2 protein chains.
Amino acid sequence: MLSHKAKYALKALLYLAQQEEGFIAKTMDISQGANIPKKFLEQILLELKRGHFVSSKQGKLGGYYLLKSKNEITLADIHRLFDGAIALLPCASLNFYEPCSDCTTESECSLRLGLLTIRDETLKVMKNITIGSLIKK
Amino acid sequence: MLSHKAKYALKALLYLAQQEEGFIAKTMDISQGANIPKKFLEQILLELKRGHFVSSKQGKLGGYYLLKSKNEITLADIHRLFDGAIALLPCASLNFYEPCSDCTTESECSLRLGLLTIRDETLKVMKNITIGSLIKK
DNA sequence: ATTAACTCTACTAATTATATAGAATTAATT
DNA sequence: AATTAATTCTATATAATTAGTAGAGTTAAT
């Protein structure tokens, strides 16, 4: 499941992607437009900025805007930024790999092999869903 | 990601599925054989029993054994039993549906529509992975 | 009666999720 | 230069969940 943070991030990105080219949205606009608690949203936007998905302009008349194209921002990206690994166990993860503490023979672990399959399939689907593709639906 | 509970459940089922037909495994056997904390495993086996995946024999010489065929127990089943919804948000879930509190127009929610797609794809893959198929790998 | 297994309920400790608060910084405008 | 309105940063709070432990009770074979 997605955390609220990840869900709010997606909603905020969808909001930004639907503004006119060059428009700069205030946090308050996004908060009201997408129904996200403002102070929580502030943190989320900062994380999206550190992830280079959005950028911001400071001071009066400042705000946020998409840095990447809406078709380049995938569900996989946002999941990884806010909720971490896409794989079902860390031992099967590409970007968040960690060995299981209870596992003695990872290379022969049949559970892990199954989860590698799932990870590849899931990743394929999640990479294919972008902010742009969501708007079209 | 899977919880430890779900991972341990899968490992316990894999252990049981690899015993000889008719063999009854003590909790201690499974705990040692699959490297799972015994007291924690007790709870997990009870949940698996309530889910009708395993059954047990009480008293001395008692223990656990598979109730369903190893090819009928899917990853989707175990995920749902221990970790709940497979969908990325409750509003996109078949078995654990709940509306989003921050959503006003679910039927037009583009995020939800995208997540329905993912859910269907993920489910297809997860239903296809069974205890039996894992052993073969 | 004893032993050795499952069963059940409650509890605990650590972590994570979901925010909120408030001061600091930045930049446009008056 | 002062004011205003925005982002930025750090800290804190609180609630829920996770991961596991403890211990008493029940069952059935010997």
Side-chain angles (χ1 to χ4, degrees), chain A residues 1-12 16 23-32 34-51 53-65 67 79 81-85 88-90 96 98 100-102, chain B residues 1-12 16 23-51 53-67 79 81-85 88-90 96 98 100-102:
Chain A
M1 297 272 280
L2 292 180
S3 65
H4 282 203
K5 248 186 175 176
K7 178 176 73 168
Y8 290 157
L10 289 166
K11 285 173 58 166
L16 289 178
F23 182 78
I24 292 183
K26 288 182 289 186
T27 303
M28 183 62 87
D29 295 336
I30 307 173
S31 166
Q32 292 178 347
N35 204 16
I36 304 167
K38 179 169 176 277
K39 286 301 260 179
F40 199 19
L41 177 60
E42 285 179 14
Q43 289 185 12
I44 292 165
L45 289 169
L46 283 172
E47 287 189 63
L48 282 171
K49 185 180 175 182
R50 289 187 205 109
F53 296 103
V54 303
S55 189
S56 66
K57 191 168 169 311
Q58 281 208 355
K60 204 172 178 176
L61 307 192
Y64 287 93
Y65 53 94
L67 187 56
H79 190 287
L81 184 60
F82 291 95
D83 293 347
L88 288 175
L89 287 181
F96 297 85
E98 271 184 63
C100 287
S101 59
D102 57 309
Chain B
M1 296 274 282
L2 292 180
S3 65
H4 281 204
K5 247 185 177 177
K7 178 176 74 168
Y8 290 156
L10 289 166
K11 285 173 58 168
L16 288 178
F23 182 78
I24 292 185
K26 289 181 288 185
T27 304
M28 182 63 88
D29 294 336
I30 307 173
S31 165
Q32 291 178 346
N35 203 18
I36 303 168
K38 178 168 177 278
K39 284 301 258 178
F40 200 17
L41 178 60
E42 286 179 12
Q43 290 187 11
I44 293 165
L45 289 169
L46 283 173
E47 287 190 62
L48 283 171
K49 185 179 176 183
R50 289 186 204 110
F53 296 103
V54 303
S55 190
S56 66
K57 191 169 172 309
Q58 281 207 358
K60 201 170 178 177
L61 306 193
Y64 287 93
Y65 54 93
L66 283 191
L67 187 57
H79 191 286
L81 184 60
F82 291 96
D83 293 348
L88 287 175
L89 287 181
F96 298 84
E98 270 185 62
C100 287
S101 59
D102 57 310

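Values below: all heavy atoms of this structure, side chains included; hydrogens, waters and symmetry mates excluded. Just so it is clear: chains get the letters A, B, ... in the order the sequence lines come, proteins before strands, and each one is counted from 1. The shown structure was predicted, so the numbers you read here are calculated from the model rather than taken from an experiment.
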Student: Between the base of D:dG20 and the side chain of B:Lys5, is there a donor-acceptor distance below 3.5 Å?
Tutor: no
Student: Please check the phosphate of C:dT7 (OP1 and OP2 only) for any side-chain N or O of B:Lys49 closer than 4.0 Å.
Tutor: yes
Student: Answer yes or no: does a side-chain N or O of B:Ser56 lie under 4.0 Å from OP1 or OP2 of C:dA5?
Tutor: no
Student: With the threshold set at 4.0 Å, does a side-chain nitrogen-carboxylate oxygen contact exist between B:Arg50 and B:Glu47?
Tutor: no
Student: Assuming nearest nucleotide by heavy-atom distance, tell me which of B:Asp83 and A:Glu42 is located more 5' along DNA chain D.
Tutor: A:Glu42
Student: For the side chain of A:Lys39 and the base of C:dG22, is some donor closer than 3.5 Å to an acceptor across the two?
Tutor: yes
Student: Ignoring backbone atoms, test whether A:Tyr8 places a side-chain nitrogen or oxygen under 4.0 Å from the OP1 or OP2 oxygen of C:dA19.
Tutor: yes
Student: Quickly work out the A:Leu46 CG to C:dT25 P distance and round it to whole Å.
Tutor: 16 Å
Student: Closer than 4.0 angstrom, basic N to acidic O: yes or no for A:Lys7 and B:Asp102?
Tutor: yes
Student: Checking all strands, does A:Phe82 fall into the base, sugar-phosphate, or nothing category for heavy-atom contacts under 4.0 angstrom?
Tutor: nothing
Student: Identify all pairs in which a protein N or O lies below 3.5 Å from an N or O of nucleotides 26-30 of chain D, and state each distance.
Tutor:
from	atom 1	to	atom 2	distance (Å)
D:dT27	O4'	B:Gln58	OE1	2.7
D:dT27	O2	B:Gly59	N	3.4

Student: Looking at C:dA17, I'd like to know if its phosphate oxygens (OP1 or OP2) sit under 4.0 Å from a side-chain N or O belonging to A:Ser3.
Tutor: no
Student: To the nearest 0.5 angstrom, please state how far the OG atom of B:Ser56 sits from the CG atom of B:Leu45.
Tutor: 9.0 Å
Student: Compare side-chain N and O positions of B:Tyr64 against OP1 and OP2 of C:dT7 and report whether any pair is under 4.0 Å apart.
Tutor: yes
Student: What about B:Gln43, does its side chain sit under 3.5 Å from the base of C:dT7 through a donor-acceptor pair?
Tutor: no
